[in-house]
Amino acid sequence: MGSSGIVFYNTRRKKKEPFRPIEPRRVRLYSCGPTVYGPVHIGNLRSWLFSDLLKRFLISEGFSVTQVINITDVGHLVSDGDEGEDKMELAARRSGESAEEIAARYTELWRQDRAALGCLEPEHNPRASEHIAEQIELGQKLEAGGYLYRIEDGIYFDVSLFPRYTELAGLDLEGQRDVQRIDAVKGKRHPADFAIWKFAEPGVKRLQEWDSPWGRGFPGWHLECSAMAVKYLGEKIDIHTGGIDLASVHHTNEVAQSECGFGVHPWVRHWMHNEFLDFGGEKMSKSKGNVRTLSDLTGRGYDPMAFRYFFLQAHYRQQQNFNAEAMDAADTGYRRLVAVAAELRGVEGPGSEAVQAPFKQRFRAALADDLNAPRAMAVVWDVARSDTLSPADRRDLLLAFDEVLGLDLAHAKPPAQEYESDPRIDGLVAERQAARAGKDFATADRIRDELDAEGIGIVDTPEGPRWRRK
RNA sequence: GGCGGCGUAGCCAAGUGGUAAGGCACGGGCCUGCAAAGCCCUGAUCACCGGUUCGAAUCCGGUCGCCGCCUCCA
């Protein structure tokens with residue numbers, strides 16, 4: 001079976017297609033990674049959550065998945081087509097750190113975010129700065145193929161030599177001319193031509209620059225993905241993921257470089273792009289006090305996994321609205337699901353495969369249809385709240401589903417186990433209990449109200465009263 | 001100017017021809033000394049107009065609104 005019935009939307013063809021990997025049981029997956037001269041925000045994180053869901057699903061289908069996620073730690077420019085200030089240089093100048101220090105710091109933050117969100121480790125997590133030689137090598141292949149030309153500030157790829165240039169994103173190069181930058185790099189034959197190698201400006205010492213056959217400088221910023229993909233996955237890959245914004249320029253250029261450089265087509269079988277998070281027109285910024293990063297979220301008391309749950313509630317190819325109410329809803333939903341799962345952990349005995357099969361089928365079918373997570377989540381709740389399934393079956397199903405969902409249902413602590421302990425408050429709670437036992441409800445309620453005013457909620461359980469901060 | 005997406009109950013959202021999944025909130029109920037927590041129940045004809053069809057949220061045309069990309073960007 002394996003690939004049978006799996007369909008994924010392919011950006012290149014603008015429709016769903018049966019998933020067919022190059023090798024029957026193996027998937028070569030490349031996911032565009034973070035730029036590490038600044039923190040990533042929750043919109044960015046949607047991209048890794050998406051590729052992680054994809055990877056988990058493929059694994060659950062029996063595929064051996066090799067995933068590469070690159071770390072872009074080499075100069076992207078601040079603005080403008082092929083000029084402007086280098087973001088890494090800018091960040092370094094602002095903080096007084098070296099490029100390496102900045103890259104290391106933000107790479108670590110990114111990894112922590114991913115870990116908190118339950119994302120599986122990629123098999124390879126290469127850094128662009130450590131693959132300069134590979135990038136130069138690809139540049140040389142392109143040069144040998146006659147695809148490049150040299151102008152004052154660098155070596156450029158001539159897109160007119162690649163007939164399929166507009167294919168991936170359905171571009172209309174002529175139609176775009178009206179908007180092409182008036183301050184584009186002088187000498188470029190076409191506005192869409194892009195840099196393979198940029199020369200270091202004479203007399204300007206950059207933090208990041210290397211020698212190359214074309215002179216000292218640094219690689220064009222699309223080159224790294226092609227160079228690292230071929231190194232770790234080979235000349236053809238099965239799935240390439242990234243945010244939808246990358247399709248029209250970054251990925252389009254990657255295709256041009258790779259197909260011309262490696263002499264392959266299609267370089268990527270399935271292009272999968274996730275849509276953006278929509279913040280309702282409200283720009284997310286710290287100055288506005290809006291939630292922007294995962295740590296902003298956790299700082300407000302949200303479980304990082306609640307954001308993963310939030311992500312799973314919408315299809316990856318739809319813009320998803322993010323706002324406080326929606327995040328609260330996800331947080332509550334996640335906590336309740338965890339509570340159910342935790343209660344089922346204690347259940348003994350085997351479940352019935354025959355009983356579980358239809359549910360697994362529905363769950364699997366939802367994801368096999370272009371990764372329809374919302375539909376899969378509906379099955380999850382059917383199981384979680386079923387009054388016909390046995391506890392053992394519900395336990396088995398939820399754990400099986402979670403292999404794909406990644407919500408940590410096997411271990412996450414339910415709210416009921418998060419109660420705290422503090423001498424003073426424990427004392428007050430005990431005092432209230434004593435009052436209740438003596439039918440002195442006025443005193444009991446007064447104590448409860450006082451604690452409530454402190455943001456402390458009392459929960460009476462069969463095992464006695466517990467409390468937690470709200 | 002070019003390309004693309006979206007508009008389904010208060011909120012997040014599935015659903016692409018046959019009479020609207022799921023989650024959250026609200027309201028009601030159970031439980032509780034009263035609450036909280038938990039559990040149960042409850043709500044929409046699908047932006048608007050016109051068309052195709054036995055039948056449309058789902059296809060076609062138009063209108064209004066929102067968003068993204070074309071420039072580093074998930």
Side-chain angles (χ1 to χ4, degrees), chain A residues 11 14 31-35 37-38 40-51 72 75-87 166 169-181 183-184 191-192 221 241-250 252 273-281 309-310 312-315 317-334 336-337 339-340 343 362 366 372-382 384-385 387 415-416 436 439-441 444-445 448-449 452 457-461 465-468 470:
Chain A
T11 305
K14 293 192 197 306
S31 303
C32 273
T35 51
Y37 34 65
V40 299
H41 57 78
I42 56 177
N44 300 314
L45 289 171
R46 191 181 188 197
S47 179
W48 330 129
L49 285 169
F50 154 58
S51 63
T72 298
H76 275 203
L77 304 185
V78 155
S79 63
D80 300 333
D82 289 294
E83 59 179 10
E85 194 163 13
D86 182 298
K87 283 188 177 179
T166 60
L171 301 179
D172 172 8
L173 291 181
E174 289 311 306
Q176 285 177 189
R177 275 189 185 279
D178 292 343
V179 192
Q180 292 300 339
R181 329 195 51 77
D183 54 350
W221 47 98
T241 68
I244 187 63
D245 57 315
L246 296 178
S248 55
V249 177
H250 183 54
T252 287
H273 293 96
N274 62 281
E275 257 296 349
F276 274 36
L277 228 45
D278 186 338
F279 299 107
Y309 181 96
F310 172 82
L312 291 169
Q313 284 190 303
H315 186 91
R317 253 178 336 98
Q318 293 299 322
Q319 289 180 15
Q320 182 178 17
N321 286 306
F322 181 90
N323 56 50
E325 195 175 354
M327 190 58 222
D328 280 343
D331 191 56
T332 302
Y334 176 63
R336 286 186 183 160
L337 188 58
V340 171
E343 190 162 324
R362 269 213 293 153
N372 195 321
R375 238 163 73 202
M377 288 303 287
V379 180
V380 169
W381 279 105
D382 268 2
R385 290 187 168 150
D387 52 8
R436 292 180 71 204
K439 303 284 187 198
D440 180 5
F441 297 122
D445 291 349
R448 185 174 65 197
D449 290 344
D452 186 71
I458 291 178
V459 181
D460 291 323
T461 76
R466 301 287 158 72
W467 62 272
R468 64 171 172 240
K470 290 176 184 172

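Throughout, a chain's letter reflects where its sequence line sits, starting with A, and its residues are numbered from 1. All heavy atoms count here, side chains included; hydrogens, waters and symmetry mates do not.
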Less than 4.0 angstrom between a side-chain N/O of [X] and OP1 or OP2 of [N], yes or no?
X      : N     : answer
A:R448 : B:C34 : no
A:N44  : B:C73 : no
A:R436 : B:U32 : no
A:R317 : B:G5  : no
A:N372 : B:A21 : no

Work out how far the [atom1] atom of [N] is from that of [M], and round it to whole angstrom.
N     : M     : atom1 : result
B:G27 : B:C49 : C1'   : 35 Å
B:A37 : B:C48 : P     : 37 Å
B:C34 : B:A57 : C1'   : 46 Å
B:C46 : B:C59 : P     : 15 Å
B:C3  : B:G55 : C1'   : 35 Å
B:A56 : B:G50 : P     : 14 Å
B:C54 : B:U19 : C1'   : 13 Å
B:C26 : B:G65 : P     : 35 Å

Nearest to the side chain of [X], which nucleotide is it out of [options]?
X      : options             : answer
A:V249 : B:C70, B:G23, B:A37 : B:C70
A:T332 : B:A25, B:G5, B:G10  : B:A25
A:F276 : B:A36, B:C39, B:G68 : B:G68
A:A378 : B:A21, B:C24, B:C12 : B:A21
A:A326 : B:A14, B:C11, B:C40 : B:C11
A:H250 : B:C73, B:G23, B:C24 : B:C73
A:S248 : B:C72, B:G33, B:C69 : B:C69
A:D245 : B:A37, B:C73, B:G22 : B:C73
A:D382 : B:G22, B:C11, B:C73 : B:G22
A:Q318 : B:A37, B:C6, B:A21  : B:C6

Using both distances under 3.5 Å as the test, list the Watson-Crick or G-U wobble partner of [N], or none.
N     : result
B:A57 : none
B:U71 : none
B:A44 : none
B:C66 : B:G5

Is [X] touching bases, backbone alone, or none of the nucleic acid, heavy atoms closer than 4.0 Å?
X      : answer
A:D460 : base
A:F50  : nothing
A:E275 : base
A:H273 : nothing
A:A329 : base
A:L337 : nothing
A:G43  : base
A:D328 : nothing
A:F310 : sugar-phosphate

Between [X] ([atom1]) and [N] ([atom2]), how many Å, whole number?
X      : N     : atom1 : atom2 : value
A:W381 : B:G22 : CH2   : P     : 12 Å
A:Q320 : B:G7  : CD    : C1'   : 16 Å
A:E325 : B:A9  : CD    : C1'   : 13 Å
A:H315 : B:U16 : NE2   : P     : 11 Å
A:F279 : B:C12 : CZ    : P     : 13 Å
A:D452 : B:C34 : CG    : P     : 18 Å
A:F322 : B:C66 : CZ    : P     : 23 Å
A:M327 : B:C24 : CE    : P     : 14 Å

Decide yes or no on side-chain contact (heavy atoms from CB on, under 4.5 Å) for A:R46 and A:E275, but give the supporting numbers first. CA-CA 9 Å; A:R46 191 181 188 197; A:E275 257 296 349; 4.0 Å; yes

Quick one: are [X] and [Y] in side-chain contact, heavy atoms under 4.5 Å?
X      : Y      : result
A:W48  : A:P34  : yes
A:S47  : A:T241 : no
A:L277 : A:F310 : yes
A:D445 : A:R448 : yes

With a 3.5 Å distance limit and no angle check, can you tell me whether A:T252 reaches the backbone of A:A247 through a side-chain donor-acceptor pair? yes

With A:N372 as reference, evaluate A:H315, A:R317, A:M377 under the side-chain contact (heavy atoms from CB on, under 4.5 Å) test and give the passing residue. A:H315

Between the base of B:G33 and the ring of A:F441 - centre-to-centre under 5.5 Å, planes within under 30° - is that a stack? yes

Polar side-chain contact A:D278-B:G68 base: donor and acceptor under 3.5 Å: no

Nearest heavy atom decides the nucleotide; on that basis, is A:K14 or A:Y334 closer to the 5' end of RNA chain B? A:K14

Nearest-nucleotide check on RNA chain B, A:G170 vs A:Q313; residue mapping nearer the 5' end is A:G170

Which value, rounded to the nearest 0.5 Å, describes the distance between A:Q320 atom CD and A:F279 atom CZ? 10.0 Å

With rounding to the nearest 0.5 angstrom, report the CG to CD distance, A:N274 to A:Q319. 11.0 Å

Please name the pair of heavy atoms, one in A:L171 and one in A:S248, separated by the smallest distance, quoted to 0.1 Å. CD1-O, 3.5 Å

